[in-house]
Each structure stands twice: as structure tokens, then as C-alpha cells.
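In what follows, a single structure is set out as C-alpha cells and then discussed.
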Amino acid sequence: MLKSGIKKKYQIKLAEFNKHNKLYYNKSKPIISDSEFDDLKKEIIDLENKYKFLKSKNSPSTSIGYKPSKSFEKYKHKTPMLSLSNAFDKNDLLNFEKKIYNYLNKNINFEYSVEPKIDGISASLTYKNNKLAYGVSRGDGNVGEIITENLKTIRDIPLEIKNTDFPDEIEIRGEVFIKKKDFLKIKENFANPRNAASGTLRQKDPNETKKIPLNFIAYTFGFVKQNNIKYQSEFLKALKSWGFQVNKENKVIKTINELIEFHTKFEDKRFDLEYDVDGLVYKVNDLNLQSRLGFTSNSPRWAIAHKFSADSAYTKIINIDIQVGRTGALTPVAKVEPINIGGVIVSNATLHNEDEIERKDIRVGDVVKIERAGDVIPHVIEVDKNLRSSKTKKFSFPIKCPSCGSNTTKEYNKTTKKYDAVRRCTNEGYECERIAVEKIKHFISKDALNIDGLGKKVVEKFWDLNLIKEPQDIFRLNYKKIEQLEGWGKLSVNNLKLSIEKSKKVTLQRLIYSIGIRHIGIENAKLISDNVKNISNLIEVIKQNNFDKFLSIDGIGETQVNSLKSFFSNQSNINIIIDLKKILDIESQSLNKNGILRNKTFMFTGKLEGMSRAEAKSLIEKNAGVTLSGVSKNLNYLIIGDKPTKKKIDQAKKLGIRILSQKDLKELLN
Ligand code: IVH
């Protein structure tokens with residue numbers, strides 16, 4: 001073949017390769033099989049080897065894949081990537097274990113898999129048919145960004161796994177991090193190794209990622225097609241056999257006392273490790289127990305992070321500001337002389353609440369010890385009274401809201417018979433500026449409407465410019481005006497428009513959470529949404545002030561109902577939800593439609609055997625059933641455990657409700 005013919009053939013192959021490469025990595029929509037893709041790659045490389053004059057920067061031999069598009073493509077994790085709750089002392093650990101026993105309703109014997117908590121950023125690797133198909137960032141836990149090409153530059157990440165016991169499809173999760181010694185070389189550019197890893201991983205150009213030596217240690221899995229492994233410790237061994245790096249320090253430990261002993265030793269040892277560690281992770285080792293325990297809205301019940309004690313430093317308080325939060329809480333914040341604590345410059349520290357200031361007698365001008373642990377907001381530990389100047393005065397906490405001037409109160413808790421430590425502004429609506437801004441910030445936050453490009457700072461700015469005063473204003477923004485603002489242009493305005501448009505489609509559950517009612521978090525929003533089913537019904541409940549009906553929902557109590565009443569006693573809150581109904585496309589609750597307990601309601605009385613109420617409830621919900629907290633004509637089944645309440649059984653009998661034993665329920669489910 002003539003030289004020109006060879007070149008032509010090469011270029012056609014290249015163009016074809018690049019097309020599929022793009023479809024594969026950038027659009028995640030391959031139209032040829034992985035092996036066809038590999039064959040094509042091989043043909044190109046073979047040609048290059050045979051004819052030395054063939055060369056291209058687009059060749060698979062030189063480029064490491066297609067450059068991710070400017071904004072990374074999104075990927076919905078098949079199993080969410082949640083975070084861990086924290087423990088700081090023995091008490092926290094005992095509580096954690098107690099909750100496990102309560103949930104399982106038995107003091108089952110189990111062990112913990114103990115793993116260092118590397119302070120990096122997590123990534124999820126999806127392998128399909130033994131090949132790395134996607135590498136994804138955590139994102140908001142549900143949806144991450146496809147950063148496959150960047151992850152592929154990490155040598156610890158195998159591209160292909162040949163072992164026959166490797167699952168056909170699996171999401172392998174682990175930590176991407178940078179070693180301390182490598183961080184030293186680039187420390188001018190980043191605050192700490194964690195930021196360095198995160199910044200590097202999200203480079204638009206994988207060649208930039210390649211320049212900084214990142215590492216990957218695997219520690220868990222998300223979705224997995226058929227799993228025969230029974231223990232976390234066994235899974236860690238399997239990871240190693242498949243070619244992943246696992247932590248050499250991993251261990252199996254039985255009791256809390258032994259955990260604490262290990263933690264104490266490790267706290268010193270961590271300084272000798274090659275990477276930053278901010279604690280130890282304890283996981284219930286038995287995977288079957290893990291799956292029974294499941295998750296709360298944002299963390300597993302079967303794992304906890306036991307943090308190391310924090311870094312601290314002394315500095316001086318310049319001023320004490322009072323911040324007003326979304327729920328009206330007045331939080332005192334110390335403005336301090338900037339100080340470096342563990343690699344991060346700190347200039348604010350929380351003082352928590354009025355009682356805390358009183359108890360520690362914290363004053364403007366005081367020298368204080370400030371502690372910072374991980375992502376937790378730095379806080380003041382103690383005042384060095386020896387260094388106190390005689391000119392300082394006791395801090396007097398405002399009794400009027402510094403934002404709107406309304407009265408503030410400390411709530412009385414009937415159960416604990418104590419006044420709340422937190423003082424709150426009594427305004428429920430949008431009349432208090434600070435509350436309003438914070439409510440809007442909550443409205444757009446990740447777990448709420450999740451509007452990309454409209455962060456907290458932008459909300460503050462738009463507020464100052466009178467562009468947003470209430471949540472609905474987000475959907476009628478003056479884009480012409482925004483385009484003129486510094487830092488904005490056609491492109492960014494268009495992106496904002498798009499993400500706002502996208503956010504209009506929202507589930508009822510998310511919307512309820514978004515409007516920011518005190519005591520109504522994600523879980524409670526779901527319960528209410530399941531109960532009312534659609535937005536019109538919710539508005540009906542609001543208009544008739546009929547919140548007491550929610551008392552029949554298992555999980556909703558007086559605290560939540562009172563909070564709803566108080567929130568909707570404010571007309572602006574009512575108007576907002578009515579307006580939002582007109583603007584948004586609110587999906588009614590998509591209950592687990594196919595479960596066998598669909599449309600059926602259950603209630604328990606008495607102690608269940610071998611499982612807790614919470615587990616039984618979640619079992620019913622998994623099968624599309626609903627649990628109620630009282631006997632009424634809406635109830636279909638009353639499930640009787642040991643020592644049931646006789647009154648409930650009588651009521652149920654009167655109403656003709658079916659009474660089941662735990663065994664009957666099992667049969668119903670099977
Ligand atoms: S397990 C739902 N294991 O800690 C289970 N996480 O706060 C969560 N992390 O996002 C992950 N080392 O980035 C797990 N051995 C380990 C870990 C670990 C570090 C990080 C991870 C996660 C965060 C949770």
C-alpha cells in the first residue's frame with residue numbers, strides 16, 4: 001500500500017476510535033461492545049508499530065482517553081454514597097452499639113472491621129464484565145460526576161480484573177488521596193492534602209491530573225451483582241486479590257474496650273503514616289447484619305467514624321457576632337485574629353449559644369483556645385483567664401433579634417423540664433431578613449432543590465440586589481440584569497437558567513424538606529409526603545390547619561406537629577407553598593408501587609421477636625406497606641408481639657381490623 005493510503009486508513013480508524021471514545025467516556029452511551037472497542041484500539045496501535053511515520057496526538061497510544069467535557073457528565077450511583085456519623089469518645093461508641101442492639105432487638109455477638117479513615121475524597125468505580133466502565137465522584141451522594149479519565153491516571157486503579165471470582169458488575173468504593181511527601185511539593189497551591197486530591201481529580205484535563213501522584217485505597221462496595229462474600233474483612237481480602245490497594249492497617253476487633261485501646265495507639269502512630277488519617281472507621285463485619293441494619297437518611301447504622309482529637313491553637317477574640325439561622329436560632333460567632341490550625345486558616349469560631357458564653361464567660365478581647373477537627377466548624381474550647389485584660393466586659397447577649405428586632409425566646413422542653421440553650425427569633429416567615437436569606441439558601445441546597453450554579457454566596461448577592469426575596473423569585477429571575485453583573489456572562493447565565501429549569505421537577509418529599517420547617521428533615525418530609533400523597537392534599541391540610549392528622553404517622557410526634565402549626569401560622573409561608581405549586585412540577589409520592597403490601601397499613605403492639613420495631617417498619621416499607629401509630633378505621637392489620645396492649649386489640653376487634661401474629665406477617669411477606 002502507498003504511504004498516502006496507509007495514512008488515510010490510519011486516519012479513518014482514528015476518527016472512528018475517537019467517535020466511540022467520546023460516546024463511551026463523555027456521553028456514557030457506547031454503541032459498540034468493549035471488545036470491538038479494544039480491537040479498534042489495537043488495530044491503530046498495530047499500524048503505528050508497523051509504520052513508524054504514523055503519529056497522532058489523538059491516538060490511543062498517546063492520549064489516555066477522551067477529555068471529559070467541560071462540565072462533567074452526571075452519573076446516578078446505583079447505591080447512594082453516604083457519609084458516616086462521628087464518634088469522639090467511649091460514650092458515643094457505646095451509644096452506637098446500643099442502637100445496633102436495639103435495632104436488631106438482640107444482643108447478637110458481632111465483630112468490627114476497623115479501618116483507618118484516610119482524609120481524602122471518595123470515588124466509586126463501576127466495573128462491568130471485568131473492565132472499569134465508570135469512575136465517579138461522590139457528588140451529592142446520589143448523583144456524582146463521571147471522572148473516569150482522571151481516575152484512570154491513578155496507578156492503583158486496575159483497568160481490568162482477570163480473576164474469575166470478580167463480580168460481573170460491581171461499584172467499588174474507596175478513597176483518593178495524596179501522600180504527605182507528595183503534598184509538600186505542591187503545598188503552595190492547596191490548603192491541605194485533601195483539597196489537593198480533590199482539586200486534582202476534578203481537573204478538566206486528565207493530563208493535569210496525571211502530573212500529581214494520586215493514590216487509591218479501596219474499602220467498600222456499592223451495588224454488586226451477586227455477592228457471595230459474607231464479611232467485610234473477607235471483602236477486603238478479595239479486593240487485594242483482585243489487584244486493589246487496601247489499607248495495611250485494617251484489623252478485626254471485638255469489643256469497644258479493644259477498639260478504644262487500638263484507637264489510642266493509632267492516634268500516635270498516624271503521624272508515621274504516609275498519608276493523613278482523621279480517625280478510624282468501625283464497620284459491623286458481618287455483611288448480612290449490615291444489610292439488616294441498613295441506613296438512616298445519610299449514614300449507615302452499621303458503621304461509625306471514631307475521630308482523632310482535633311488540632312488546636314490560641315488566638316484573640318476581636319468581636320462576637322450574632323448570626324441568625326434558618327430556624328431563627330441566634331448563634332454567637334467569635335471573630336478571631338486569623339490563625340493557622342492544622343494547615344487551615346481560621347478566623348471564625350462558633351460559640352454555640354447563649355448558655356455557652358455565659359458558662360465559659362467568654363468576652364471580646366479574651367485569648368481563647370480554638371479547636372478544629374476535620375470539616376467540623378472550629379469552636380472555642382476555653383478562655384485563658386490569666387491573659388484577660390481588666391478592661392474586658394461581660395458579654396451581654398441580645399434579647400431582640402439583631403436582624404429584624406423581633407422578640408426572642410428560649411423554648412421550654414416539657415420532657416426534659418428545661419429551657420433550651422438556644423435563643424430564637426420568634427419570626428417564622430420572611431419578615432426577618434436573615435431568616436429569609438437562610439431559608440432561601442436551604443431551599444437551593446443539595447438535599448433540597450439542588451440548583452447548580454446558585455450557591456450560598458450567589459443567593460446573598462442576589463438578595464442584596466433585590467433579585468431574590470422569596471423562593472419563588474428564583475423562577476422569575478431578571479437574567480438580563482444578572483448578565484451585566486461582574487463575574488457573570490452569557491454562558492454562566494445560560495447554565496444557571498438550565499439548572500433552575502431542571503430543578504422545577506421535584507418530588508413532593510424534597511419540596512416539603514426544601515421549605516425549611518424546623519424539625520422536618522428529610523426523613524420526616526418523606527413520612528408526610530407518603531401520608532398526603534400529593535401537593536393539593538398538603539395544601540388542604542395547611543388551609544384547614546389539620547396538622548393533628550399527622551400524629552397518626554409512625555415517626556411524627558407533637559414536636560413536629562407543633563412546628564408545622566407554628567410555621568404555617570405565618571401567611572407568607574402559606575403563600576409561598578401555594579405559589580410554588582403553580583411554578584413547579586411536583587411529582588406525587590412514587591411509593592414503592594410493586595411491593596406486595598401496597599396500599600396496606602400496619603400497626604404493632606407488644607415486643608417483637610428477633611427484630612426491633614424500626615426494622616419491622618422498614619421491612620413493611622420495603623414492601624410498599626405503611627405503618628401507623630394508632631388504631632383507626634384506616635388500619636388494615638394489627639400485628640401482635642409479646643405482651644400486647646389489650647386496649648389496642650379490643651379497639652381493632654371492634655373495627656373489624658385483621659389481627660396478625662409475627663408469624664402471619666412473615667407468611668404474608670413470603
Ligand atoms: S465507608 C456508607 N470506609 O469517610 C459507608 N469510608 O464520612 C461510607 N472514608 O465519604 C464509606 N476511609 O470518603 C469508609 N475505610 C473507610 C474510609 C471511609 C475514609 C471516608 C469516605 C466517606 C467518608 C464518610
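All ligand and atom numbering here is 1-based and tracks the order in the structure.
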Practice problem: Give yes or no for whether the N/O distance cutoff of 3.5 Å, strictly under, is met between L84 and ligand 1. | Solution: yes
Practice problem: For ligand 1, indicate whether the residue P116 contacts it via side chain, backbone, both or neither (heavy-atom separation under 4.0 Å). | Solution: backbone
Practice problem: Apply the side chain to side chain contact (heavy atoms under 4.5 Å, CB included) test between D156 and each candidate in N215, L214, V176, I217; give the one that qualifies. | Solution: N215
Quiz item: For ligand 1, is G174 a contact, meaning one of its heavy atoms is under 4.0 Å away?
Solution: no
Exercise. Assess M81 for proximity to ligand 1: is some non-hydrogen atom of it under 4.0 Å away?
Key: no
Quiz item: Among A123, P300, A303, which residue places a heavy atom closest to atom 2 (C) of ligand 1?
Solution: P300
Practice problem: Find all atoms of ligand 1 within a distance of less than 4.0 Å from any non-hydrogen atom belonging to E115, and give their numbers and elements. | Solution: 3 (N), 15 (N), 16 (C)
Quiz item: Which residue supplies the protein heavy atom nearest to atom 22 (C) of ligand 1, what is that atom called, and how far is it?
Solution: Y219 OH, 4.1 Å
Quiz item: Would you say T220 has any N or O atom under 3.5 Å from an N or O of ligand 1, going by distance alone?
Solution: no
Exercise. Going by heavy-atom distance to atom 4 (O) of ligand 1, choose the closest among R173, E175, K117.
Key: K117
Quiz item: Between K90 and N257, is any side-chain donor less than 3.5 angstrom from a side-chain acceptor?
Solution: yes
Quiz item: Quick one: does S514's side chain have a donor or acceptor within less than 3.5 Å of a partner on R510's backbone?
Solution: yes
Quiz item: Judged by modelled atom types alone, do N102 and S612 share a side-chain donor-acceptor pair under 3.5 Å?
Solution: no
Quiz item: Is the F308 to H263 ring centre distance short of 6.0 Å?
Solution: yes
Quiz item: Are F221 and F166 near enough that their ring centres are under 6.0 Å apart?
Solution: no
